[in-house]
Amino acid sequence: MPALPAQYQPGEVEQRRYEQWVAAGHFRADAESDKPSFSIVIPPPNVTGSLHIGHAFEHTLMDALTRRRRMQGFEALWLPGMDHAGIATQNLVERQLATEGLSRHDLGRDKFVERVWQWKAESGGAILDQMRRLGNSVDWDRERFTMDEGLSRAVHTIFKRLYDDGLIYRAERIINWCPRCLTALSDIEVEHTDDEGELVSIRYGDGENAIVVATTRAETMLGDTAVAVHPTDERYLHLIGTEVELPLTDRRIPIVADEHVDPAFGTGAVKVTPAHDPNDFEIGQRHNLPSFTVMDERGVITVSGPFEGLDRYEARPAIVAALREQGRIASEKRPYVHAVGHCSRCKTTVEPRLSLQWFVKTAPLAAAAGDAVRDGRVRIEPADMAKRYFAWVDNMHDWCISRQLWWGHRIPVWYGPNGEVVCVGPDEEPPGSSADGWRQDEDVLDTWFSSALWPFSTLGWPDRTVDLAKFYPTSVLVTGYDILFFWVARMMMFGLYAMDGRQPFDVVALHGMVRDQYGKKMSKSFGNVVDPLDWIGRFGADATRFTLARGANPGQDVPISEEWCQGSRNFCNKLWNATRFALLNGAHVDGDLPDVDALSTVDRWILSRLQHVIAEVDRQFEAYEFAKVCDVLYHFAWDDVCDWYVELSKPVLAAGGQAAAVRRRVLGHVLDQLLRLLHPVMPFVTDELWIALTGAGGPDGTVMIQPWPADQPRLVNDAAEAEVAMLQRVVTEIRRFRSDQGLRPAQRVAARIDGLAEAGVAAHEGLIRSLARLDDPGADFRASATLAVTAAVTVALDTRGSIDVAAERARLEKDRAAAEKELAQARARLSNPAFVEKAPEAVVNKIRDRLAAAEADLARIAAALEALSA
RNA sequence: GGGCGCGUAGCUCAGUGGGAGAGCACUCGCCUUACAAGCGAGGGGUCGCAGGUUCGAAACCUGCCGCGCCCACCA
């Protein structure tokens, strides 16, 4: 076998390994398999742009889950795909067109959509390539896109079904309108920020009948159709039912009483503009008020007169100025901070607008979505997040699903010449031709409408496919808490509805957002954005993945930094070199492991530690505690295996013989198991090393399809762990002394060790001497320092020179103070009758042990001080 | 306005009823033939503040201070 280089070089390894995995077909899931199924559908990234570090993070978690299940013998499917991202993509292509001096209208609908498809072909390929670079073990044969023919048919099918069930309807409502994107938006596509506005008070009417209203949106007054006051407001009782003149117009409007008005705010009187404010719309409904639309879809005033053609922000000061001229400004405008909605895509201030749109009646669907979590069919991790989920599904408004865009699934409704409205099913012909006056609805559906079908549309629904039978419900949904409402809740609604009450996933594992090392959001303007490809190129995909997974505490945001990624890269290299050492020393994994009874204490110890690690990794994986999985494996690999087991093995291997033969076998086994455990998180380096270690070849010669390490409790060995712990303590204390005394580490020191038998580690004197770099006592040995390591163990060292007595004394005095404090604490607690009576026996015993340990420590320190004086 | 969460070492975070932890950073000493992307040793925290419950609180309860997020149609 070729010798491994001294440093791990990820680039070449990653490309080669990935190609071989794909070629061998190991990512492919077989729907006909007898194995239990495990399935994940990818949260489809938008075809706009490229994958950011947040995707890399999410994909790492999904890949780790999938790879582990695959090794555990599940038929594991991770289904890849992308989302057409309606508004985002259309905006992007429109911007491209703009650079050519064109608008979408210059191309026309068909040509424009063609252009978007063309763009998708280019952009989508880049995203898929990024997924390969990350090492994602996705089933490429099952890649899907929300605008695929099959998925479009699913959209069409469910639309028809909901329509027939009366759960989709068309209505004229106040909706959120983006005057830049020129489309309706759903409530959650609107982001609220606290903006500074100005509150002006305007006097309507004159004399006795005058009434003053306060508003931040003076320009809408042209569309006022009433003034509202609270029904019990003493100030205005006499005016209710009367009319006032609306300034700047020739209209008179009524004064109505409505509970909605807060008498304590402003003047207690509200102007009512049903066509441009959701509250006012409702007041209008209650009082049968007419609606006057005063702005067009771009936010430009349409009322004929001096303000016609002005933008809404030009109209506002113009109208205030005109009112002031008429002496109708009752009080100067004052700053007022209030929540204002913005388009989540382009940040333009949303204009509430009365218009005819399509809606999903959410009440029955949302109720089912809530119940599925409440009754435990779907588990949300971390559980706290379920509260947010309930808060949303229990208070959901109807969902506006029509968008005035061209890129998306077109609404399958046709309008006839005589006012007919026909929803056409997926296998039906349009009811008539355009020549006969029939036309299809111009609008397309909200992107999230098709996303909501993703867990079953990707598996072949509405057909009853074998994929659907095998892989639905999916096992777990891994996604960010930021799209709990956008996506998760809606998949629940549609999944339960379309799949006869069967939930789309059993578990929702929510993760946080990737942030920089100070917990700051990543943003281009702040310059702290990390490009996953950059890290993969410089540190490797495994290092990038490990850094991300290591920060993944459920539901918590994930801080990362380049320094930490360097640390992960170092960890990869550590594994590389540990395996390299093993191979240089003839470690192997073939043949059975010798019987436990035939093993040395050190072997039994590492196998016992390994068992704890396997059990812990399993436990943490089941809880989606990726950070803890990484932590456990990191410390086992670095501390236990590299710093101790390998070091303890060096003398044994050097000595050769039967002991060395056994050690080679056990070392090979430990690395084999470790590489398997790490493989889900760091697939590349573990596979490369596993192949080198085992000499495996051929398409199946990869760790990714080896059995997951089994938890074998019989290998747990407390005695061996205690014995090695004592060994470690002795070695560490001798090293401490050497370091404190400035004895050069490379310098061997003659020493005599006493008391190892009493400490139960007599058999390990050779190892202790080796690791602490002590020579055997020579003929010329003369003790010049005596170190008490434990109550029993003393080490007489020939330091070939004087030692720093004062420093060692100070050290010992410090130790003594700590031991005395410990002793006093333990005594105080044990002499407290309430404690001894009420505390669990195990705790009391623990304190007793601690007391004994403190006493032993004091004895040791006393002996050391005495030796120091001599 | 409503809801949720967080304040633990210089930084980022684990720990949630019985001896204060990790990574990185820091100090000292080392190229000890797997690895300087390394090895050994070490320093560092009245666990935001104040009360309470308990034999025992970083953890549970209450209040306060500070920070963050989500939801929301008060003009």
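Sequence lines set the chain letters: A, B, ... in the order given, protein chains first and strands last, and positions in each chain run from 1. Quantities reported herein were computed from a predicted structural model and do not represent experimental measurements. Note: hydrogens, waters and symmetry copies are ignored here, and every other heavy atom, side chains too, is used.
In summary, Arg729(A) and Asp857(A) engage in a salt bridge, as defined by a charged side-chain N under 4.0 Å from a carboxylate O. Of the charged side-chain nitrogens involved, none lies within less than 4.0 Å of a carboxylate oxygen, so that Glu808(A) and Arg811(A) do not count as a salt-bridged pair. With respect to the salt-bridge test (charged N to carboxylate O, under 4.0 angstrom), the residues Arg316(A) and Glu198(A) do not qualify.
Between the side chain of Asp557(A) and the backbone N or O of Met513(A) there is at least one donor-acceptor pair closer than 3.5 Å. A donor-acceptor contact shorter than 3.5 Å links the side chain of Arg235(A) to the backbone of Pro263(A). A side-chain donor-acceptor contact under 3.5 Å links Asn528(A) to the backbone of Lys521(A). In this structure a side-chain-to-backbone donor-acceptor pair under 3.5 Å is missing from Ser770(A) to Gly766(A).
For the OP1/OP2 pair of U32(B) and a distance below 4.0 Å, the side-chain nitrogens and oxygens of Arg773(A) include no atom meeting the criterion. Distances shown here put every side-chain N or O of Tyr481(A) at or beyond 4.0 Å from the OP1 or OP2 atom of C70(B). Residue Lys628(A) places no side-chain N or O under 4.0 Å from the OP1 or OP2 atom of A22(B).
Taken to the nearest 0.5 Å, the CD1 atom of Ile253(A) stands 4.5 Å off from the CG atom of Leu246(A). Between Asn577(A) atom CG and Leu4(A) atom CG the span is 8.5 Å, to the nearest 0.5 Å. Between Ser355(A) atom OG and Asn176(A) atom CG the span is 10.0 Å, to the nearest 0.5 Å.
Residue contacts shown for Gln517(A) are limited to sugar-phosphate atoms, with no base heavy atom under 4.0 Å away. Within the nucleic acid shown, Asp277(A) has no heavy atom closer than 4.0 Å to any nucleic acid atom. Residue contacts shown for Phe281(A) are absent, as no nucleic acid heavy atom lies under 4.0 Å away. Within 4.0 Å (heavy atoms only), Arg850(A) reaches at least one base atom of the nucleic acid. Within the nucleic acid shown, Lys846(A) has no heavy atom closer than 4.0 Å to any nucleic acid atom. Looking at heavy-atom distances under 4.0 Å, Val213(A) makes no contact with the nucleic acid at all. Residue Glu822(A) is in base contact, counting any heavy-atom pair closer than 4.0 Å across all strands shown.
Listed by residue number, Arg829(A), Asn832(A), Ala834(A), Phe835(A), Lys838(A), Ala839(A), Pro840(A), Val843(A) are the residues of residues 826-845 of chain A with a heavy-atom contact under 4.0 Å to RNA chain B. Residues from residues 565-577 of chain A that place a heavy atom under 4.0 Å from any atom of RNA chain B, listed by number: Arg569(A), Asn570(A), Asn573(A), Lys574(A), Asn577(A). Near RNA chain B, meaning a heavy atom under 4.0 Å away, the residues from residues 186-204 of chain A are His192(A).
Nucleotides U53(B) and G17(B), compared at atom C1', are 12 Å apart to the nearest Å. As rounded to the nearest Å, A14(B) and A20(B) have C1' atoms that lie 12 Å from one another. Rounded to the nearest Å, the gap between the C1' atom of G51(B) and that of A9(B) is 27 Å. Only the P atoms considered, C26(B) is 15 Å distant from G10(B), to the nearest whole Å. A gap of 24 Å separates the P atoms of A59(B) and G68(B), to the nearest Å. Rounded to the nearest Å, the gap between the P atom of C11(B) and that of U16(B) is 23 Å. Rounded to the nearest Å, the gap between the C1' atom of G43(B) and that of G21(B) is 16 Å.
With sequence neighbours excluded, no residue forms a ring-ring contact (aromatic ring centres under 6.0 Å, His included) with Trp564(A).
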Report each atom pair, protein N/O against N/O of nucleotides 40-43 of chain B, whose distance is under 3.5 angstrom.
unit_1: G40(B); atom_1: O3'; unit_2: Arg735(A); atom_2: NH1; d: 3.4
unit_1: G43(B); atom_1: OP1; unit_2: Lys814(A); atom_2: NZ; d: 3.4

Every protein N/O lying under 3.5 Å from an N/O of nucleotides 4-7 of chain B:
unit_1: G5(B); atom_1: OP1; unit_2: Lys387(A); atom_2: NZ; d: 3.2

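With rounding to whole Å, Phe546(A) atom CZ is found 15 Å from A37(B) atom C1'. We find that CZ of Phe626(A) is positioned 16 Å from P of A14(B), with the value rounded to whole Å. Atoms CD (Glu219(A)) and C1' (A75(B)) sit 13 Å apart, rounded to a whole Å. Nucleotide C24(B) holds its C1' atom 7 Å from the CH2 atom of Trp564(A), rounded to whole Å. When rounded to the nearest whole Å, the span between CG of Asn395(A) and C1' of C70(B) equals 13 Å. Separating the CG atom of Leu484(A) from the C1' atom of G3(B) is a distance of 14 Å, rounded to the nearest angstrom.
Nearer to the 5' terminus of RNA chain B, by closest-nucleotide assignment, is the contact made by Ile847(A) (compared with the other of Glu282(A) and Ile847(A)). Both Ala339(A) and Thr579(A) lie near RNA chain B, and the one whose nearest nucleotide falls closer to the 5' end is Thr579(A).
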Inset, instruction - May I have the step-by-step check of side-chain contact (heavy atoms from CB on, under 4.5 Å) for Cys565(A) and Thr544(A), ending in yes or no? - result: CA-CA 6 Å; Cys565(A) 192; Thr544(A) 304; 4.2 Å; yes

Inset, instruction - Check the pair Val294(A), His276(A) against side-chain contact (heavy atoms from CB on, under 4.5 Å), reporting the backbone distance first and the verdict last. - result: CA-CA 8 Å; Val294(A) 300; His276(A) 293 283; 3.5 Å; yes

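If you check A34(B) for Watson-Crick or wobble pairing at under 3.5 angstrom, you find it has no partner at all. Pairing partner, U62(B): A50(B), with both Watson-Crick or wobble hydrogen-bond distances short of 3.5 Å. A 3.5 Å limit on both hydrogen-bonding distances identifies U12(B) as the Watson-Crick or G-U partner of A22(B). In this entry C67(B) has G5(B) as its Watson-Crick or G-U wobble partner, both defining distances falling under 3.5 Å. Pairing of C39(B), defined by two Watson-Crick or G-U wobble distances under 3.5 Å, is identified with G29(B).
For CZ of Arg744(A), the number of neighbouring non-hydrogen atoms (other residues, nucleotides, ligands) closer than 6.0 Å is 12 at most.
Of the candidates Phe539(A), Trp576(A), Phe684(A), Phe571(A), Trp576(A) is the only one forming a ring pair (Phe, Tyr, Trp, His ring centres under 6.0 Å) with Tyr8(A). Among Ile283(A), Leu354(A), Asp280(A), the single residue meeting the side-chain contact (heavy atoms from CB on, under 4.5 Å) criterion with Thr273(A) is Asp280(A).
Side chains of Trp690(A) and Asp672(A): a donor on one and an acceptor on the other come within 3.5 Å.
Looking at the side chain of Cys642(A), the nearest of the listed nucleotides A34(B), A14(B), A75(B) is A34(B). Comparing A22(B), A34(B), C70(B) by their closest approach to the side chain of Phe485(A) singles out C70(B).
Side-chain contact between Tyr389(A) and Val508(A) is absent, with no heavy-atom pair separated by less than 4.5 Å.
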